[in-house]
J.: 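Can you keep this structure in mind? I'll have questions shortly.
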Amino acid sequence: MPNYPKSGPVTLRTNLADYAMTKALKSGAVKSDLVTFDFCGPKVANQGFKAMVRERKFDAGELAIGTFLEARTYGKPVTLLPAVVMGRFQHNHALRATARGTFGPGDIEGKRIGIRSYTQTTGIWVRGILKHEYGVDLNKVTWVCNDDGHLAEFKDPPNVERTAPEAKKVDQMLLDAEIDGAILGADIVDDPRVAHLIPNPREAAHAWYRKYNTIPINHLFCVDKALADARPDVVAEIFRMLKETKAAMPPSADGIDFHPFGLAALRKPLELAMQYSVEQKIIPRAFAVEELFDEATRHLG
C-alpha cells in the first residue's frame, strides 16, 4: 500500500491525458504549494487504467466511470472525486459497415458488433442508447471484442466473442466488413466503407440531452484510497485545482457543460451509467450515488 506523508507537500504519480479541460493544469498555469503532479501515465490515458486498478501504479488520475464502477464492485482501493475530466456525446461512435447493407440502430439484433472491450465506457453508453431509444435486445447482439476488461475479476457475458491476440483490431475488421458494425472510442473512421449507425448523430445526441437533461460522462478524476484516507486536505486541493483548470478552458460551442462537478450535478449521469451497467451485466447492482464517494470527496462541489 502506498505511504503518504501525514502533512506537507506531496508529489503524485498521475495518469492524465491532454484535453482542453486539463491544459491549464498540465502546463503549470494552475499551481499549488501542496500538490505536485508527476504526469507519468501513458499518452493515451485508458492504457493506464488497468495498471491503476490492478497494480495501484498511480496515486491519482482519470478513470473511466465504467472501470470505476467495477472497481467499486470488487472492493478496489480507488476513491472517486465528483469531477469529470472527459464527457461527450456518444451517438457518433456507433458505426456500420456499408458493405453489409443498409440497416439502422434498431436492426442490429442477430448481428456482430465490434468493440475494443465489452466493458469500455463508450460501449456502455452506446448500448444503453440502443436499448432505451431504439428497443434493441442487447442479449441478441454478438459483441466482438479484442481486449479483456480493466478488472481481472470480470467475466464477459456469453454473447461476447473474444478475438485471438493476433487478430485484427475491430476498426480494421469494420473496414474489411468482417463485422456488421462497431462502437469505437477515439478512433472515428472517416472512410466510405463505414457510415454512422444512428442517422444524424449530432441531432440525435442533442435530442437525448434534452430528454435526460444530462450528458454521458466518460472519465472522472480518482485518487488512491490511501491518499484520500490519509490526506483529505490534499484531495480538497486537487479538487480546487481541477475547478481552476476547468474554468480556464473555452466554453463548448453549444453551451453544454461536458464537465459537471459536484454530487448534485453528477447524480443523473451516474444513475444512468449504473443502470446501463447493471442491464449489461457489468456490475451486479446499482449503488446509491452517495456510496460512490468517500468522506474526503462526498462534500466537494
Side-chain angles (χ1 to χ4, degrees), residues 2 4-41 45 48-49 52-53 56 58-65 67-69 71-72 76-87 121 214-215 217-252 257-271 273 287-301:
Y4 300 101
K6 295 181 179 179
S7 62
V10 295
T11 297
L12 304 177
R13 298 164 299 164
T14 304
N15 179 38
L16 191 66
D18 295 326
Y19 310 113
M21 159 70 185
T22 61
K23 184 176 180 180
L25 185 68
K26 297 194 74 174
S27 70
V30 173
K31 299 178 181 178
S32 171
D33 293 331
L34 184 61
V35 176
T36 299
F37 294 108
D38 173 13
F39 296 111
C40 57
F49 292 169
M52 188 172 188
V53 295
R56 302 178 83 168
F58 303 105
D59 304 303
E62 63 185 286
L63 194 65
I65 186 57
T67 303
F68 175 80
L69 292 174
R72 183 72 176 76
K76 302 301 180 182
V78 182
T79 292
L80 183 70
L81 276 67
V84 174
V85 174
M86 197 265 278
T121 294
T214 192
I215 55 99
I217 54 175
N218 276 58
H219 301 173
L220 289 87
F221 203 89
C222 293
V223 298
D224 192 282
K225 189 177 187 304
L227 176 64
D229 290 344
R231 298 295 303 274
D233 59 328
V234 168
V235 174
E237 177 67 352
I238 292 171
F239 190 75
R240 178 198 69 78
M241 297 172 77
L242 291 169
K243 288 181 73 174
E244 192 172 331
T245 193
K246 174 184 174 178
M249 71 179 293
S252 68
D257 182 5
F258 286 94
H259 304 86
F261 274 43
L263 191 149
L266 283 168
R267 183 174 297 277
K268 182 64 175 180
L270 288 172
E271 287 175 344
F287 300 95
V289 170
E290 289 78 5
E291 288 183 83
L292 301 179
F293 300 95
D294 290 359
E295 290 299 319
T297 64
R298 196 172 292 122
H299 67 283
L300 297 172

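Numbering of residues begins at 1 and proceeds along the displayed sequence.
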J.: Would you mind listing every ring pair (Phe, Tyr, Trp, His ring centres under 6.0 Å) that reaches into residues 222-243, with sequence neighbours excluded?
T.: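 Only F239-F261 qualify under ring pair (Phe, Tyr, Trp, His ring centres under 6.0 Å).
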
J.: Would a 4.5 Å heavy-atom cut-off, applied to side chains only, mark L292 and L69 as touching?
T.: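 Sidechains of L69 and L292: in contact.
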
J.: Can D224 and R13 be counted as an ion pair, charged N to O under 4.0 angstrom?
T.: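 No, this pair does not count.
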
J.: Which pair of non-hydrogen atoms, one from A226 and one from P2, has the smallest distance, and what is that distance?
T.: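 It is CB-O, 4.1 Å.
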
J.: Which value, rounded to the nearest 0.5 Å, describes the distance between D229 atom CG and Y4 atom OH?
T.: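 Here the rounded value is 10.5 Å.
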
J.: If you round to the nearest 0.5 Å, how far is CG of D59 from SG of C40?
T.: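 That separation rounds to 8.0 Å.
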
J.: Could you work out, with side chain to side chain donor-acceptor pair (under 3.5 Å) as the rule, every residue matching S7, not counting sequence neighbours?
T.: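 For S7 there are no side chain to side chain donor-acceptor pair (under 3.5 Å) partners, ignoring immediate neighbours.
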
J.: Which value, rounded to the nearest 0.5 Å, describes the distance between L63 atom CG and F221 atom CZ?
T.: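 Those atoms lie 10.5 Å apart.
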
J.: Are any of the side-chain heavy atoms of D294 and V235 separated by less than 4.5 Å?
T.: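 No. Closest side-chain heavy atoms not under 4.5 Å.
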
J.: For the residue pair T36 and P9, establish whether any side-chain heavy-atom pair is separated by less than 4.5 Å.
T.: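 T36 does not reach P9 side chain to side chain.
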
J.: Looking at every heavy atom in both P5 and V10, which two are closest together, and how far apart are they?
T.: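 In terms of heavy atoms, the two residues are closest at CG-CG1, 3.6 Å.
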
J.: With rounding to the nearest 0.5 Å, note down the distance linking OG1 in T79 to CZ in R298.
T.: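 With rounding to 0.5 Å, OG1 (T79) is 10.0 Å from CZ (R298).
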
J.: For the residue pair L220 and L266, establish whether any side-chain heavy-atom pair is separated by less than 4.5 Å.
T.: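 Counting from C-beta outward, L220 and L266 do come under 4.5 Å.
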
J.: Considering residues at least two apart in sequence or located in another chain, which fulfil the side chain to side chain donor-acceptor pair (under 3.5 Å) criterion with D38?
T.: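 Scan of D38 (side chain to side chain donor-acceptor pair (under 3.5 Å), adjacent residues dropped) gives none.
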
J.: Could you go step by step and tell me if I217 and T121 meet the side-chain contact (heavy atoms from CB on, under 4.5 Å) rule?
T.: CA-CA 9 Å; I217 54 175; T121 294; over 6 Å; no

J.: Looking at every heavy atom in both M52 and A60, which two are closest together, and how far apart are they?
T.: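 That closest heavy-atom pairing would be CE-C, 4.0 Å.
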
J.: For D257, does its backbone N or O pair with a side-chain atom of S252 as donor and acceptor, under 3.5 Å?
T.: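 Not at all, since once roles are kept as given, no pair shorter than 3.5 Å links the two residues.
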
J.: Calculate, to the nearest 0.5 Å, the distance between atoms NZ and CG belonging to K246 and L25 respectively.
T.: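 If we round to the nearest 0.5 Å, K246:NZ and L25:CG are 14.5 Å apart.
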
J.: Indicate the atoms forming the closest heavy-atom contact of F58 with G48, along with that distance.
T.: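 Scanning both residues completely, I find the closest heavy atoms to be CE1-O, 3.6 Å.
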
J.: Any chance you could measure K76, atom NZ, to T67, atom OG1, to the nearest 0.5 Å?
T.: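 It is 12.5 Å, given to the nearest 0.5 Å.
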
J.: Would you say that F293 contacts L300 through its side chain, given a criterion of any heavy-atom pair below 4.5 Å between the two side chains?
T.: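 Heavy-atom side-chain distance check fails, nothing below 4.5 Å.
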
J.: Using the side chain to side chain contact (heavy atoms under 4.5 Å, CB included) criterion, which residues pair with R240? Sequence neighbours excluded.
T.: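 Scan of R240 (side chain to side chain contact (heavy atoms under 4.5 Å, CB included), adjacent residues dropped) gives S32, E237, E244.
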
J.: When you look at L12 and V223, which way does the side-chain contact (heavy atoms from CB on, under 4.5 Å) test go after all the steps?
T.: CA-CA 9 Å; L12 304 177; V223 298; 5.7 Å; no

J.: E271: which residues meet the salt bridge (charged side-chain N to carboxylate O under 4.0 Å, His left out) condition with it, sequence neighbours left out?
T.: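 Result, salt bridge (charged side-chain N to carboxylate O under 4.0 Å, His left out) vs E271: none returned.
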
J.: Can you name the side chain to side chain contact (heavy atoms under 4.5 Å, CB included) partners of A230, sequence neighbours left out?
T.: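 None.
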
J.: Using the side chain to side chain contact (heavy atoms under 4.5 Å, CB included) criterion, which residues pair with P77? Sequence neighbours excluded.
T.: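 P77 satisfies side chain to side chain contact (heavy atoms under 4.5 Å, CB included) with R56, K225 once adjacent residues are dropped.
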
J.: Would you say the side chain of L34 lies within less than 4.5 Å of the side chain of R231, judging by non-hydrogen atoms?
T.: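 Contact flag for R231/L34 side chains = yes.
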
J.: Can you list every side-chain hydrogen bond (donor to acceptor under 3.5 Å, both in side chains) pair that touches residues 20-30, not counting sequence neighbours?
T.: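 Residue pairs with at least one partner in residues 20-30: D18-K26.
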
J.: What residues form a ring-ring contact (aromatic ring centres under 6.0 Å, His included) with F287, not counting sequence neighbours?
T.: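 ring-ring contact (aromatic ring centres under 6.0 Å, His included) list for F287, sorted by chain: empty.
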
J.: What are the two closest non-hydrogen atoms of V78 and C222, and how far apart are they?
T.: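 Nearest heavy atoms, V78 then C222: CG1-CB, 3.7 Å.
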
J.: Would the distance check show the side chain of K268 and the main-chain N or O of I215 forming a donor-acceptor pair, the cut-off being under 3.5 Å?
T.: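 Flag not set: sc K268 to bb I215 has no pair under 3.5 Å.
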
J.: List the atom of L242, the atom of M21, and the distance in Å for their closest heavy-atom pair.
T.: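 Reported closest heavy-atom pair: O-CE, 3.8 Å.
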
J.: Go through the structure and list residues passing ring-ring contact (aromatic ring centres under 6.0 Å, His included) with F49, not counting sequence neighbours.
T.: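 Applying ring-ring contact (aromatic ring centres under 6.0 Å, His included) to F49 gives H150, H219.
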
J.: Restricting to side chain to side chain contact (heavy atoms under 4.5 Å, CB included), what partner residues turn up for A288, sequence neighbours left out?
T.: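 Partners of A288 under the side chain to side chain contact (heavy atoms under 4.5 Å, CB included) test: E290, E291.
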
J.: Taking C-beta and beyond as the side chain, do Y19 and H259 meet within less than 4.5 Å on heavy atoms?
T.: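 In short, these two side chains do not touch, never coming nearer than 4.5 Å.
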
J.: Tell me, please, which residues at least two apart from F258 pass ring-ring contact (aromatic ring centres under 6.0 Å, His included).
T.: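 Once residues adjacent in sequence are excluded, the partners of F258 under the ring-ring contact (aromatic ring centres under 6.0 Å, His included) criterion are F89.
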
